[in-house]
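Following: one structure in structure tokens, then a few remarks.
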There are 2 protein chains.
Amino acid sequence: MPTPPGRRPRRAAPSRQPLTQELVVETAIAVLDAEGLEAVTMRRVAQELGTGPASLYAHVSDKQELRELMLDRVAAEIRLPAPPDPARWREQLKEIAMEVRRVYTSHRDIAKVSMGLIPTGPHLLAVAEAQLALMIAGGVPPKIAGLAVDTLGMYIDADAVEDTFYTAAVKGDEDPWEHFKKYLDQIRDYYKALPPDRYPNIVSLVDDLTDEGGAERFEFGLDVLLRGVASYIEDGGGA
Amino acid sequence: MPTPPGRRPRRAAPSRQPLTQELVVETAIAVLDAEGLEAVTMRRVAQELGTGPASLYAHVSDKQELRELMLDRVAAEIRLPAPPDPARWREQLKEIAMEVRRVYTSHRDIAKVSMGLIPTGPHLLAVAEAQLALMIAGGVPPKIAGLAVDTLGMYIDADAVEDTFYTAAVKGDEDPWEHFKKYLDQIRDYYKALPPDRYPNIVSLVDDLTDEGGAERFEFGLDVLLRGVASYIEDGGGA
DNA sequence: ACCTGAACACCGTTCAAGT
DNA sequence: ACCTGAACACCGTTCAAGT
């Protein structure tokens, strides 16, 4: 039987755009932004494109590759300082780190993908290149700079993951930030109720330990790191 | 029909031990050690205990709780320096960090669980307590010490995750370390083939950037961090 | 109180078949 | 070359029913 005239095709909008890797990655990021990294499944992305999960495999080799492509696309939003100023290498390194953190946390828990990953995408490499250039220009020994870019990346990823950890799972209408603060209050009460003879310092430093201040804590860690890196400028690199 | 005499029960060994939380956690760690964190599913742990997944929910509230219980049980293996020596606070802080790293990496990718988690288990709290005690005794301002224990924890977790990232997925008879080195060789070739005009520093520092030396890199980052922390001893904490 | 079978609503990936 | 339906071998969690 032929399909009668005026009958619509099998699906309402069968992805009028042809599938491309770009479209797949874009759609995946849309799901990420709306519902977090866990919601980015092959099936969910395919559904959003009006197709089945098998169709994605013509454009990405597997879910891990899709995640890495998403990360590098997000990394494209990172604005690097132009022009780089070697005299202000520490400040500019700090600016880059805070900018990376801003971009990562603006895309839910995308930082989980970066965690422990050796950068290969063009935009992630551009960030590493900028960091290296600043340190070399600032007089940091090359070997130290090579290790430091790694350490710095680890620190940024870890902080961004931490920042989104307790808000990532929040679903529906609840305010993620309120949710996190409520959780932190519980932790504070728990720490206060700890036996002071076994955990004297935790109990007495409870407010410092549970101070949420994300940005302040991040900057502190950055200062610690960069003070440490700077201390290698004079000598050859021994501890 | 009654079961004939000498007939074995429905299953060969229907978990002769009654199920307890301890037994569930122990079994989960056995699966972790053998096959990595991804293999630790409710169904897999239940199977190992000769029962169904639903049975575990009488002893752990969900998979996340099981993971946190696993982490604190692993943390029980961390040997803290006794007695603590305030005069050697930096060395001892470094020793603790390296010991935590040793214990974490000896249990596959368990560090992924720690990543971004506020410690609540008794053994994890004992580690934080020891770190705080050393810094306070060493003259680090309390507020700085509170932030530093966080930064230090983030750094240790990030390094341990990185260390196990590319070996966690290795299955079967392949040597995980060989697998990782082969992967690093690919990265090195990739970096070498990058356009030098866009990524001059990455290309020229390729060997420093792809030097696997896990322990050396970790120690360097630790030194950077602790140099930074120590720099706060004189003054009040400004950047 | 503890345990279970069965079901629910999902996963990632493969593959033969279609266009 | 690209896309698809269907299948395979899994997930975490719930719940009524059993002991």
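Heavy atoms only: backbone and side chains are in, while hydrogens, waters and symmetry mates are out. All chains are named by letter (A, B, ...) in the order of the sequence lines, taking the proteins before the strands, and each is independently numbered beginning at 1.
In A/Gln21, the CD atom is crowded: over 12 heavy atoms of neighbouring residues, nucleotides or ligands sit closer than 6.0 Å. For CZ of B/Arg102, the number of neighbouring non-hydrogen atoms (other residues, nucleotides, ligands) closer than 6.0 Å is greater than 12. Environment of CD in A/Glu65: crowded, with over 12 heavy atoms of neighbouring residues, nucleotides or ligands closer than 6.0 Å.
One interatomic measurement links the two molecules: CG of B/Leu66 to P of D/dC11, which rounds to 14 Å at whole-angstrom precision. Between the CG atom of B/Leu19 and the P atom of C/dT4 there is a distance of 7 Å, rounded to whole Å. When rounded to the nearest whole Å, the span between CD of B/Gln21 and C1' of C/dC3 equals 17 Å. Summarising the geometry, the separation between CG on B/Leu56 and P on C/dG5 is reported as 13 Å, rounded to the nearest angstrom. In this structure, A/Gln47 atom CD and D/dT4 atom P are separated by 14 Å, rounded to whole Å.
At least one donor-acceptor pair under 3.5 Å links the side chain of B/Asp72 to the backbone N or O of B/Leu124. At least one donor-acceptor pair closer than 3.5 Å links the side chain of B/Ser106 to the backbone N or O of B/Val103. Side-chain N or O atoms of A/His107 include none that pairs as donor or acceptor with a backbone N or O of A/Val74 at under 3.5 Å. Judged by distance alone, with hydrogens and angles left aside, the side-chain atoms of A/Glu129 form a donor-acceptor pair with the main-chain N or O of B/Ile202 at under 3.5 Å.
When the side-chain nitrogen and oxygen atoms of B/His59 are compared with OP1 and OP2 of C/dC2, none of them lie within a distance under 4.0 Å. Regarding contacts with the backbone of C/dT4, a side-chain N or O of B/Ser55 is found under 4.0 angstrom from either OP1 or OP2.
A/Tyr57 pairs by the ring pair (Phe, Tyr, Trp, His ring centres under 6.0 Å) definition with nothing, not counting sequence neighbours.
Counting heavy atoms from C-beta on, the side chains of B/Ile29 and B/Arg73 come closer than 4.5 Å.
Across D/dA9 and C/dC10, the matching P atoms stand 22 Å from one another, rounded to whole Å.
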Under 4.0 Å protein heavy-atom contacts per nucleotide of nucleotides 12-19 of chain D, with B for base, S for backbone only and - for none: BBBB----

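Secondary structure note: stems in DNA chain D built from 3 or more consecutive Watson-Crick or G-U wobble pairs under 3.5 Å occupy C:4-8 with D:12-16, C:12-16 with D:4-8.
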